[in-house]
Amino acid sequence: MQLHAIILAAGQGTRMKSALPKVLHPVAGMPMLGRVLAATRAAQAAVNHVVLGHGAGRVRDWLQAAGYEDVVTVVQEQQLGTGHAVQQALPQVPDGALVMVLYGDVPLVRAETIRQVAQAARDGLALVTARLPDPFGYGRILRDGTGRVCGIVEEKDASPEQRAIDEINTGLIAAPARRLKRWLSHLRNDNAKGEYYLTDIVGMAARDGIEIRTVAPASIDEIEGVNDRAQLAHVERRFQLAQAAQLMRDGIALADPARFDLRGTLRFGRDVHIDVGCVLEGEVELGEGVSLGPYCVLRNVKLGAGTRVEAHSVLDSAEAGRDCRIGPFARLRPDAQLGDAVHIGNFVEIKKSTLGSGAKANHLAYVGDATVGERVNIGAGVITCNYDGANKHATIIGDDAFIGTDSQLVAPVVIGRGAYIAAGSTIARDAPEDALTICRAREQRTLPNWKRPKKKR
Ligand code: UD1
Ligand code: CA
């Protein structure tokens with residue numbers, strides 16, 4: 001049977017108090033809806049349907065931008081209940097399919113659980129249930145004298161005895177499309193909320209003598225829904241802790257798994273060490289023996305073996321070779337490319353520049369739109385003046401050049417191999433190879449009768 005996933009995402013998410021539709025709020029850098037779609041894809045769903053409502057346009061835009069053009073969307077104009085929501089998608093589902101209903105705001109559902117429920121629903125109906133110490137707010141699972149599931153009663157419709165039941169409906173439910181269509185056509189909304197409850201199909205299935213199976217989630221995290229910012233933060237932390245645990249099993253050393261955030265994917269060699277408070281985004285690759293000091297931020301970064309990044313460095317869309325030393329307080333901006341054994345020290349900013357192996361910029365420098373040769377030494381306070389107010393220009397520095405402290409290189413400009421630029425020079429014309437070039441406003445003088453200025457009274 002082909003699996004069709006129907007993901008409910010029409011709710012407003014009022015309690016988020018946000019302009020962003022709830023299912024687009026990210027968990028570990030990915031919208032919640034994306035996490036659910038990733039799980040249904042991994043569970044080999046043939047077609048994914050998303051039922052949209054509030055913020056439908058923005059959710060559609062995101063689906064498009066994220067490459068989910070194959071997702072079938074339908075808009076539920078009025079949110080008349082979960083049963084009504086599923087009905088909106090059913091015309092697009094062939095009778096021979098198996099339908100799995102999921103929520104767009106329950107982001108940590110696992111592919112394995114989806115597979116299990118799909119398997120269990122083949123000749124009947126299956127749902128994921130859990131026992132909670134505090135079942136308040138959830139639909140309760142009703143079982144008959146022999147322990148068979150015979151229905152679900154919602155919190156608001158439940159009697160005090162039923163409210164004492166601690167087995168709850170998580171919302172994940174699956175059934176063959178043909179049966180589901182029939183049951184849903186009989187739904188009524190004569191209940192406490194005046195809604196068409198999807199959960200009423202369970203009682204109908206029981207009356208039809210259909211086998212109803214329940215599946216338990218691997219952990220409570222999997223069924224946790226997000227209605228407000230506190231729940232979102234909670235789900236984020238659960239995800240991060242589980243991810244950190246997996247990374248440590250795979251061999252990474254984390255100083256504190258509770259103070260590590262990965263919002264993307266991380267590939268790493270042996271003996272990589274990450275100190276507290278680091279945030280890694282996008283695709284990050286760390287070679288063998290790489291270490292990250294405390295509070296570093298890396299987005300789409302690749303670092304070669306043995307490279308050390310010291311505290312409080314920010315690296316964005318940058319790459320470094322082996323045995324580099326970066327930071328503390330370094331900033332690599334997009335298209336910074338460092339060779340091997342490059343040293344980038346504190347308050348040095350590198351943008352769209354290549355630095356050859358062994359090059360050093362140890363303190364307070366800006367290098368932008370530059371090609372820097374091997375073993376070049378860039379002194380403290382050196383600035384590439386790459387922007388004339390309208391256009392960007394390139395600076396080229398040959399191998400083994402030495403750029404004295406507090407020099408400005410006014411681009412476009414070429415500094416020859418082995419050139420030596422005297423400290424405090426403003427270099428606006430090319431400087432030849434292997435020679436000292438100096439350009440200061442004036443030779444140093446001392447004025448013997450000079451008086452120190454005084455404050456005005
Ligand atoms: C639902 C279940 C309940 C279960 C609980 C688990 C029903 C009737 N009840 O209750 O048994 O314990 O989830 O969290 O199914 N939605 C739509 N369109 C609608 C209504 C809802 O898309 O017309 C979406 C919501 O955005 C949300 C999900 O469906 O993602 C669940 O809806 P919600 O109103 O939160 O259901 P609950 O009352 O929590
Ligand atoms: Ca809910």
Side-chain angles (χ1 to χ4, degrees), residues 5-16 18 20-25 27 31-33 35-37 49-56 59 73-90 99-109 117 125 127-132 134-142 149 151-158 162-163 165-175 180 183-184 187-205 212 214 217 220-228 231-232 235:
I6 299 181
I7 302 167
L8 306 190
Q12 183 158 23
T14 319
R15 279 183 278 162
M16 297 298 284
S18 172
L20 192 66
K22 181 161 74 173
V23 294
L24 294 188
H25 281 264
V27 169
M32 291 195 276
L33 179 57
R35 298 230 161 258
V36 178
L37 284 166
H49 304 257
V50 180
V51 180
L52 302 172
H54 291 278
V59 179
T73 58
V74 60
V75 175
Q76 183 193 24
E77 297 292 350
Q78 274 184 294
Q79 279 72 60
L80 302 180
T82 49
H84 180 258
V86 171
Q87 264 175 324
Q88 309 310 302
L90 281 181
V99 172
M100 169 88 52
V101 178
L102 304 103
Y103 296 165
D105 58 3
V106 181
L108 303 190
V109 59
V117 181
L125 181 150
L127 62 158
V128 177
T129 72
R131 292 191 184 278
L132 297 183
D134 177 15
F136 179 80
Y138 288 95
R140 307 298 205 285
I141 305 299
L142 307 178
V149 174
I152 295 181
V153 61
E154 293 301 311
E155 171 81 31
K156 284 199 170 150
D157 300 281
Q162 289 171 328
R163 283 186 185 155
I165 297 170
D166 67 351
E167 189 186 7
I168 60 101
N169 169 36
T170 65
L172 203 64
I173 191 161
L180 188 60
W183 292 325
L184 285 178
L187 274 193
R188 305 219 317 256
N189 65 350
D190 51 350
N191 50 49
K193 285 171 90 177
E195 286 184 2
Y196 296 94
Y197 293 161
L198 174 64
T199 44
D200 284 352
I201 66 167
V202 176
M204 296 178 192
I212 300 170
T214 57
I220 292 301
D221 298 346
E222 244 197 299
I223 61 158
E224 211 108 46
V226 172
N227 298 303
D228 57 31
Q231 288 168 338
L232 181 62
V235 162

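Predicted model, so just to flag it, every value in this text is computed and none were measured. Just follow the structure's listing: the first ligand is 1, and inside any ligand the first atom is 1. One-based numbering along the sequence shown.
The closest donor-acceptor contact from the side chain of Arg140 to the backbone of Glu155 lies at 3.5 Å or more, if one exists at all.
At a 4.0 Å heavy-atom cut-off, ligand 1 touches Ala10 through backbone and side chain alike. Looking at Val106 against ligand 1, nothing comes within 4.0 Å, counting heavy atoms. The residue His84 has no part lying near ligand 1, judged by heavy-atom distances below 4.0 Å. For Lys22, no heavy-atom contact with ligand 1 is shorter than 4.0 Å. Residue contacts with ligand 1, taken as heavy atom pairs separated by less than 4.0 Å, involve Leu80 solely via the backbone atoms N, CA, C and O.
Within the 4.0 Å heavy-atom cutoff, Gln78 does not count among the residues contacting ligand 1. Heavy atoms of Ile168 come nearer than 4.0 angstrom to ligand 1 in no pair at all. Within the structure, the closest approach of Gln76 to ligand 1 falls below 4.0 Å when heavy atoms are considered. Under a 4.0 angstrom heavy-atom cut-off, Val51 registers as lying outside contact with ligand 1.
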Using the rule given for side-chain contact (heavy atoms from CB on, under 4.5 Å), can you reason through Met16 versus Val226, listing the C-alpha separation, both sets of side-chain angles and the distance that settles it, and then say yes or no?
CA-CA 9 Å; Met16 297 298 284; Val226 172; 4.3 Å; yes
Determine, step by step, whether Thr14 and Asn227 satisfy the side-chain contact (heavy atoms from CB on, under 4.5 Å) criterion, reporting the C-alpha distance in whole Å, the side-chain angles of both residues, the deciding distance to 0.1 Å, and the verdict.
CA-CA 8 Å; Thr14 319; Asn227 298 303; over 6 Å; no
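For atom 13 (O) of ligand 1, the choice among Tyr138, Tyr197, Tyr103 with the nearest heavy atom turns out to be Tyr103. Compare Gly53, Gly13, Gly11 by their heavy atoms: the one nearest to atom 26 (O) of ligand 1 is in Gly11. Evaluated by nearest non-hydrogen atom to atom 38 (O) of ligand 1, the leading choice among Glu154, Met32, Lys193 is Lys193.
Against a heavy-atom cut-off of under 4.0 Å, Gln79 is close to the following atoms of ligand 1: 18 (N), 19 (C), 23 (O). For ligand 1 and Asp105, the ligand atoms under 4.0 Å from any heavy atom of the residue are 27 (C), 30 (O). Each of the atoms 3 (C), 4 (C), 11 (O), 12 (O) of ligand 1 lies under 4.0 Å from some heavy atom of Gly139. Residue Leu8 has at least one heavy-atom neighbour below 4.0 Å for each of these atoms of ligand 1: 22 (O), 24 (C), 29 (O), 30 (O).
Rounding to the nearest 0.5 Å gives a distance of 8.5 Å between CE of Met32 and CG of Leu24. For the atom pair CD1 of Ile173 and OH of Tyr103, the computed distance is 8.0 Å after rounding to the nearest 0.5 Å.
Taking only nitrogen or oxygen atoms, main chain and side chain alike, Thr199 does not reach within less than 3.5 Å of ligand 1. At least one N or O atom of Gly81, backbone or side chain, sits closer than 3.5 Å to an N or O atom of ligand 1.
Screening His84, His54, Gln88 for a side-chain hydrogen bond (donor to acceptor under 3.5 Å, both in side chains) involving Gln76 leaves a single residue, His84.
For Ala89, the side-chain contact (heavy atoms from CB on, under 4.5 Å) partners are Ile6, His49, Val51, Val74, not counting sequence neighbours.
Side-chain contact annotation: Asn191 with Lys156, donor-acceptor N/O pair under 3.5 Å absent.
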